[in-house]
**Student:** 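One structure is given below, represented as structure tokens, and several questions about it will come after.
Every chain is numbered from 1, with letters handed out A, B, ... down the list of sequences.
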There are 2 protein chains.
Amino acid sequence: MEDLTKVFKALSDPNRIRILKMLESRALCLCEISFILSVANSTASQHLSILKEAGLVIDDKDGKWVNYALTAASASVYVNELMPLIKKWLIDDKTIKADRKKIEAADRKILCS
Amino acid sequence: MEDLTKVFKALSDPNRIRILKMLESRALCLCEISFILSVANSTASQHLSILKEAGLVIDDKDGKWVNYALTAASASVYVNELMPLIKKWLIDDKTIKADRKKIEAADRKILCS
DNA sequence: ACTACATTTCGGTAAATAACGAAATGAGAT
DNA sequence: ATCTCATTTCGTTATTTACCGAAATGTAGT
């Protein structure tokens with residue numbers, strides 16, 4: 001029960017939904033995410049840790065950077081069944097589309113400095 | 001986006017999940033729900049209004065009583081796709097099973113007085 | 001109209017949450 | 001070893017949330 005409500009709680013914040021939808025495009029580092037959301041790095045980091053705790057996201061350290069990505073096969077049954085739904089939802093959402101555009105234009109080397 | 005996070009927020013509380021799972025058995029009135037959850041009527045009422053706002057639950061006035069039931073075909077796409085998942089989840093959860101037992105034994109005429 | 005009773009709304013309190021900036025951590029480069 | 005810079009953790013603050021009891025609402029029956 002607690003596992004389930006933890007996943008739903010992770011999904012109940014607009015910024016965290018935006019992060020998940022961003023990660024559909026590609027893996028992103030913290031500063032790309034905080035830039036696109038327009039929040040402090042510490043805030044984005046906190047959101048990512050909540051998504052990680054729920055099993056929705058994994059992190060992959062690459063030297064100085066940490067790449068965040070959607071969990072491909074989560075340990076959580078709930079996550080595995082919810083992910084496909086989330087993927088097909090919000091495709092036409094204005095904010096989500098704008099975020100996607102920003103990701104295409106974003107260059108980590110310029111952003112993160 | 002807000003529609004979606006509203007649904008997830010509604011689902012992110014254990015007591016509200018318990019209510020949804022209870023309503024799988026049958027429609028229930030407020031006092032049956034607050035009795036089974038062991039919370040004040042006002043608290044249960046608040047939870048139900050959140051579930052109603054999200055489109056997860058409908059209410060059907062029957063004189064003095066208000067019967068709450070799962071929304072059969074919700075206006076929300078999100079609800080319609082999430083409901084079947086929630087229905088098959090938590091079947092073996094201890095609390096959910098205990099709640100179901102209490103519902104079978106519950107008699108509104110005795111409880112609500 | 002009055003009573004009884006299920007439900008909702010109101011006012012208040014304690015705990016959880018989202019946000020920030022600053023300080024701490026960790027890994028690559030000099 | 002030192003510096004740089006991405007990330008995390010810490011301390012704080014404002015907002016939201018879950019809960020309660022009391023008062024208000026609404027409906028059925030007398």
**Student:** Counting only side-chain nitrogens and oxygens, does Arg108(B) get under 4.0 Å of the OP1 or OP2 atom of dA6(C)?
**Tutor:** no
**Student:** Assuming nearest nucleotide by heavy-atom distance, tell me which of Arg16(B) and Leu28(A) is located more 5' along DNA chain D.
**Tutor:** Leu28(A)
**Student:** Give the rounded distance in Å between these two atoms: CG of Asp60(B) and C1' of dT7(C).
**Tutor:** 14 Å
**Student:** Which nucleotide in the list dA18(C), dT9(C), dA6(C) gets nearest to the side chain of Cys112(B)?
**Tutor:** dA6(C)
**Student:** Do Glu32(B) side-chain atoms and Cys29(B) backbone N/O form a donor-acceptor pair below 3.5 Å?
**Tutor:** yes
**Student:** Using modelled atom types and a 3.5 Å cut-off, is there a donor and acceptor pairing between side-chain atoms of Thr5(B) and backbone atoms of Asp13(A)?
**Tutor:** no
**Student:** Does one hydrophobic cluster hold both Ile17(B) and Val39(B), with members joined at side-chain heavy-atom distances below 4.5 Å?
**Tutor:** yes
**Student:** Please check: side-chain N/O of Lys21(A) versus main-chain N/O of Arg100(A), any donor-acceptor pairing under 3.5 Å?
**Tutor:** no
**Student:** Rounding to an integer number of Å, can you tell me how far Phe35(A) CZ sits from dA6(D) P?
**Tutor:** 14 Å
**Student:** Nucleotide by nucleotide, 5' to 3', does protein get under 4.0 Å of the base (B), only the sugar-phosphate (S), or neither (-) in nucleotides 19-28 of chain C, counting heavy atoms?
**Tutor:** SBBB----SS
**Student:** Parallel, tilted or perpendicular, judged at 30° and 60°: which one describes the rings of Trp89(B) and Phe8(A)?
**Tutor:** tilted
**Student:** Run the salt bridge (charged side-chain N to carboxylate O under 4.0 Å, His left out) test against Asp93(B) and tell me which residues pass, sequence neighbours left out.
**Tutor:** none
**Student:** Please tell me if Tyr68(A) has a side-chain N or O lying less than 4.0 Å from either OP1 or OP2 of dA6(D).
**Tutor:** no
**Student:** Expressed as a whole number of angstroms, how long is the span from Glu2(A):CD to dA16(C):P?
**Tutor:** 12 Å
**Student:** Could you check which of dA18(C), dT8(D), dT7(C) has an atom nearest any side-chain atom of Leu30(B)?
**Tutor:** dT7(C)
**Student:** Would you mind reading off the distance between Lys52(A) atom NZ and dT9(D) atom C1', rounded to a whole angstrom?
**Tutor:** 12 Å
**Student:** Which whole-number value in Å describes the distance from Leu51(B) CG to dT8(C) P?
**Tutor:** 12 Å
**Student:** Is the phosphate of dT17(C), meaning OP1 or OP2, less than 4.0 Å from a side-chain N or O of Lys9(A)?
**Tutor:** yes
**Student:** If I take atom CZ in residue Arg18(B) and atom P in nucleotide dA18(D), what distance separates them, rounded to the nearest angstrom?
**Tutor:** 15 Å
**Student:** Without decimals, in angstroms, what is the distance between Asp59(B) CG and dT27(D) C1'?
**Tutor:** 15 Å
**Student:** Between Leu48(B) and Asp59(B), does the side chain to side chain contact (heavy atoms under 4.5 Å, CB included) criterion hold? Intermediate values first, please.
**Tutor:** CA-CA 9 Å; Leu48(B) 285 160; Asp59(B) 61 344; over 6 Å; no
**Student:** Need to verify one output field. Residue with the more 5' nearest nucleotide on DNA chain C, Ser12(A) or Cys31(B)?
**Tutor:** Cys31(B)
